Amino acid sequence: MHRHFEHALDALKTDIIRMSSLAEQAIAGSIRALLERKPELARDIISNDDQINLMEVRIDDAVVDLLALQQPVASDLRLILAALKINNDLERIGDHAVNIAESAVQCAEHEPIKPFEDITEMARITKEMLRDSIDAFIHSDPEKSRQVLANDDSIDALNKKVVSDLVGVMREHPDRIEHALDLIRVSRNLERVADLATNIAEEVIFIAEAQVVKHHLDKRGAWH
């Protein structure tokens, strides 16, 4: 029975890693579609979202089986509960990739406007946060998770700058309002992906240290 439980737990971790790979590819592809003006690539991202949704259901079912049949305790229980939350976060990242891809299709119909540089930097940091949060999960590395938490402020600041710059563009060029709004949506979706990567990092800290970390606060209410 114990051997079966260990096998099921390993399979759950493997599925989370596969799910994270799909989510990473979706985000990277949607950003590439935007920056390289490739609407067909964006449409591929949109159509491939079903893979992520199916994987989410598979992982949910595996978690239910482990909880119902194995009655895990201590660190194993923390891992399973965290996997359930991470699974949901990864599915939502896939949804945000679809949102970005939809904006990429619209943006391909217009000439590029600033601040593409800031969106490119947001995308770079966001992808790094997602990759690091999953690496932290694979290696049970709370310190790497805390590095992810620290990067979230940079994304928030960049998002504010992007929105402010694009509002200025809309004031000066009313004919570019629709395009500017699409870029604002991209920026906000990237911000949400960064928030979800932060959630994953928080779950890794919970698994490794049995410590609940929310909104960058530790249990004493002090900022990390």
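Residue numbers run from 1 in the order of the sequence given. Just so you know, these numbers come straight off a predicted model, no measurement behind them.
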**Q** Can you tell whether the side chains of Arg146 and Glu143 come within less than 4.0 Å, N to carboxylate O?
**A** yes
**Q** Working to the nearest 0.5 Å, report the span between CE of Met55 and OG of Ser21.
**A**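 Answer rounded to 0.5 Å: 9.5 Å.
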**Q** Between Asp156 and Lys160, does any side-chain N to carboxylate O distance fall below 4.0 Å?
**A**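 Here Asp156 does not pair with Lys160 in a salt bridge, since their nearest N and O are not under 4.0 Å apart.
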**Q** Should Glu6 and Arg3 count as an ion pair when the cut-off is N to O under 4.0 Å?
**A** no
**Q** Would you call Glu36-Lys38 a salt bridge at under 4.0 Å N-O?
**A**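 Judged by the 4.0 Å cut-off on N to carboxylate O distance, Glu36 and Lys38 do form a salt bridge.
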**Q** Atom SG in Cys107, atom CD in Glu102: separation rounded to 0.5 Å?
**A**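 With rounding to 0.5 Å, SG (Cys107) is 12.0 Å from CD (Glu102).
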**Q** Rounded at 0.5 Å granularity, tell me how far CD1 in Ile86 sits from CD1 in Ile200.
**A** 6.0 Å
**Q** In terms of heavy-atom contacts, does CZ of Arg58 have more than 12 from other residues, nucleotides or ligands at under 6.0 Å?
**A**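 Open.
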**Q** Determine which pairs satisfy ring-ring contact (aromatic ring centres under 6.0 Å, His included) with at least one residue from residues 158-187, sequence neighbours left out, and list them in order.
**A**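 Those involving residues 158-187 are His110-His179.
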**Q** Would you check if the side chain of Asn159 reaches a backbone N or O of Ile155 as a donor-acceptor pair within less than 3.5 Å?
**A**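 Checking the backbone N and O of Ile155 against the side chain of Asn159, no donor-acceptor pair under 3.5 Å is found.
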**Q** Side chain of Asn48, backbone of Asp44: donor and acceptor closer than 3.5 Å?
**A**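 Here the side-chain-to-backbone pair exists.
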**Q** What distance separates Ser145 OG from Phe206 CZ, expressed to the nearest 0.5 Å?
**A** 13.5 Å
**Q** Is the closest side-chain heavy-atom distance between Pro112 and Arg37 below 4.5 Å?
**A**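 When only atoms from C-beta onward are counted, Arg37 and Pro112 do touch, with a gap below 4.5 Å.
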**Q** Between Arg92 and Asp95 (salt bridge meaning N to carboxylate O under 4.0 Å), is one present in this structure?
**A** no
**Q** Tell me if a side-chain donor or acceptor on Asn87 pairs with a main-chain N or O of Glu56 at a distance below 3.5 Å.
**A**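 Yes, the answer is positive, given that a donor and an acceptor are paired below the 3.5 Å cut-off.
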**Q** When you compare the side chain of Leu149 with that of Ile205, does any pair of heavy atoms fall below 4.5 Å?
**A** yes
**Q** So for atom CZ, which belongs to Arg188, do other residues, nucleotides or ligands contribute more than 12 heavy atoms lying within a distance under 6.0 Å?
**A**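 At most 12 heavy atoms, drawn from other residues, nucleotides or ligands, come within 6.0 Å of this atom.
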**Q** Are Asp195 and Arg192 close enough for a salt bridge, meaning some N to O gap below 4.0 Å?
**A** yes
